[in-house]
Every structure is written in structure tokens, then in C-alpha cells.
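Comments concern the structure below.
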Amino acid sequence: MDTFFTSAELPAGLRGAFAESRISLSLADAKAQDMPLIAVNQAFCNMSGYGPDEVLDRNCRFLQPDESPDAVRKDMREFLYDSDKPDGRFVIPNVTKDGRKFLNLVYMAKLEKDDEVTFVLGSQFPIDPDKASEPDLYDRALKESL
């Protein structure tokens with residue numbers, strides 16, 4: 001699998017995990033303003049429809065539709081800035097580059113170096129509302145989050 005990075009500073013083990021994973025992975029720079037993505041794998045690009053040149057150096061919120069619930073965004077922000085929470089799971093409405101809506105089960109884990117959070121690893125699991133057991137799952141999740 002292809003992996004795309006903006007930084008040569010990433011540990012070899014992390015690079016290898018990205019290259020071998022068939023699960024959508026992203027890595028954000030926790031020390032940079034707005035925590036931009038600095039690595040994604042091919043599975044992330046396939047899921048989102050965006051190429052690496054369109055996602056690297058951007059915050060991943062570009063995947064959220066305009067009507068994305070503020071409650072989920074707030075929960076994600078609180079997680080990112082709460083030093084007592086090493087990881088978190090969130091279900092958030094997303095939209096692919098071509099406009100297809102899907103629910104994204106996002107798992108985030110903070111990665112530390114020298115007792116400081118340096119990266120946020122994300123793994124994404126798309127839930128296609130057309131294939132879900134409930135046809136209105138996307139709309140219901142959006143409404144409940146509001």
C-alpha cells in the first residue's frame with residue numbers, strides 16, 4: 001500500500017505501519033497550529049476520494065459537511081486538548097470528494113515522545129448509510145448529534 005508523508009522525521013516503525021495497513025490511517029501533527037495531517041495511507045485516499053496532495057497539510061475537518069454537528073466537533077476538540085484522555089472514538093458525518101455521504105467511525109490515539117503528545121493517529125471506518133441496517137442512519141446520527 002502506498003503511504004504519503006510531509007515529514008521525513010517520522011519513525012520507521014510508524015512509516016511501516018502506514019504502509020502495511022489496509023485500514024484507513026491518518027496522522028496529524030499535534031504540535032502544529034490546527035493539527036494538520038502529515039501522513040495518510042492509500043486506504044485513507046480511497047475512502048475519502050482525495051489525493052494526498054489535497055489532504056496533507058490540512059486539518060481533516062474538510063471531510064465534514066456544512067451541517068456537521070457542533071456537538072461531535074466539540075467532543076473531538078475536548079479530547080484533543082484533554083491530557084487525561086489517551087484515545088477516543090467518534091461517529092461523525094463525512095462527505096467524500098465526489099459528494100457521497102457516509103458516517104465515519106473515527107478512532108484517535110495520542111502518540112507521545114518524551115512525555116509530550118507529538119502526533120494524533122487516526123483510523124477511520126466508513127459506515128455507508130446505503131448499506132447500513134437502518135436506511136436513515138446518517139440522518140439520524142446527524143440529528144442526534146445536534
Side-chain angles (χ1 to χ4, degrees), residues 1-83 85-132 137-143 145-146:
M1 270 242 156
D2 290 331
T3 307
F4 309 99
F5 298 95
T6 61
S7 172
E9 303 290 319
L10 297 177
L14 199 51
R15 285 177 176 268
F18 266 69
E20 294 174 18
S21 180
R22 301 216 181 279
I23 295 170
S24 172
L25 295 177
S26 59
L27 190 69
D29 184 344
K31 297 172 85 174
Q33 183 177 352
D34 204 30
M35 295 190 190
L37 295 176
I38 58 170
V40 295
N41 66 355
Q42 187 63 52
F44 179 92
C45 294
N46 294 345
M47 176 201 73
S48 69
Y50 288 92
D53 57 323
E54 297 171 294
V55 302
L56 294 175
D57 293 324
R58 295 177 69 186
N59 183 288
C60 59
R61 79 176 64 85
F62 71 90
L63 291 170
Q64 299 172 13
D66 292 336
E67 73 272 11
S68 190
D70 287 335
V72 176
R73 290 180 187 185
K74 180 179 176 272
D75 290 345
M76 293 172 99
R77 271 192 307 274
E78 286 177 1
F79 158 75
L80 291 169
Y81 295 102
D82 184 340
S83 60
K85 294 182 180 177
D87 55 51
R89 288 176 290 171
F90 309 91
V91 175
I92 189 160
N94 278 176
V95 178
T96 62
K97 183 178 180 178
D98 66 3
R100 184 180 53 82
K101 295 178 178 180
F102 68 100
L103 289 175
N104 195 353
L105 172 58
V106 179
Y107 173 78
M108 291 192 285
K110 297 173 185 169
L111 305 181
E112 295 184 359
K113 182 178 180 183
D114 301 324
D115 294 324
E116 181 179 24
V117 175
T118 54
F119 303 116
V120 178
L121 175 66
S123 53
Q124 299 81 22
F125 302 90
I127 303 168
D128 187 331
D130 294 331
K131 295 179 182 172
L137 185 62
Y138 181 91
D139 292 330
R140 188 169 57 86
L142 186 60
K143 186 183 292 183
S145 294
L146 294 173

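This is a predicted model, so every value here is computed, not measured.
In this structure, Arg15 CZ and Asn41 CG are separated by 13.5 Å, a value rounded to the nearest 0.5 Å. Here CE of Met35 is found 11.5 Å from CE of Met76. Values are rounded to the nearest 0.5 Å. Here CG of Asn94 is found 6.5 Å from CE of Met47. Values are rounded to the nearest 0.5 Å. Here the CG-CZ distance, from Leu14 to Phe18, works out to 5.5 Å after rounding to the nearest 0.5 Å.
When the side chain to side chain contact (heavy atoms under 4.5 Å, CB included) test is applied to Ser26, the partners found at least two apart in sequence or on another chain are Leu37, Val40, Phe44, Gln124. Under the side chain to side chain contact (heavy atoms under 4.5 Å, CB included) criterion, Asp53 pairs with no residue at all, not counting sequence neighbours. Residues satisfying the side-chain hydrogen bond (donor to acceptor under 3.5 Å, both in side chains) criterion with Asp29, sequence neighbours excluded, are absent altogether. Judged as a salt bridge (Lys or Arg N to Asp or Glu O under 4.0 Å), and not counting sequence neighbours, the contacts of Asp34 are Arg61. For Thr118, the side-chain hydrogen bond (donor to acceptor under 3.5 Å, both in side chains) criterion is met by no residue, not counting sequence neighbours. For Phe62, the ring-ring contact (aromatic ring centres under 6.0 Å, His included) partners are Tyr50, not counting sequence neighbours. Under the rule for a side-chain hydrogen bond (donor to acceptor under 3.5 Å, both in side chains), Asp114 has no partner lying at least two apart in sequence or in another chain. By the salt bridge (Lys or Arg N to Asp or Glu O under 4.0 Å) test, Lys85 is found to be paired with no residue, residues two or more places apart in sequence or in another chain being considered. When the salt bridge (Lys or Arg N to Asp or Glu O under 4.0 Å) test is applied to Glu78, the partners found at least two apart in sequence or on another chain are Lys74. Every residue meeting the side chain to side chain contact (heavy atoms under 4.5 Å, CB included) condition with Ala109, not counting sequence neighbours, appears here in chain and number order: Asp87, Tyr107. Leu105 meets the side chain to side chain contact (heavy atoms under 4.5 Å, CB included) test with Val91, Phe125, Ile127; sequence neighbours excluded.
Listed here is the closest heavy atom pair of Pro93 and Pro65: O-CD, 3.3 Å. Between Asn104 and Pro126, the shortest heavy-atom contact is OD1-N, 4.3 Å. Minimum heavy-atom separation, Val117 to Lys110: CG1-CB, 3.9 Å. In terms of heavy atoms, Ser21 sits closest to Ile23 at OG-N, 3.0 Å. Across Ser48 and Leu63, no two heavy atoms sit closer than the pair CB-CD2, 3.8 Å. When all heavy atoms of Ala39 and Leu56 are compared, the closest pair comes out as N-CD2, 3.6 Å.
The number of heavy-atom neighbours closer than 6.0 Å to CZ of Arg58, taken from other residues, nucleotides and ligands shown, is above 12.
Listed by first then second residue, pairs satisfying salt bridge (charged side-chain N to carboxylate O under 4.0 Å, His left out) with a partner in residues 90-99 read Glu54-Lys97, not counting sequence neighbours.
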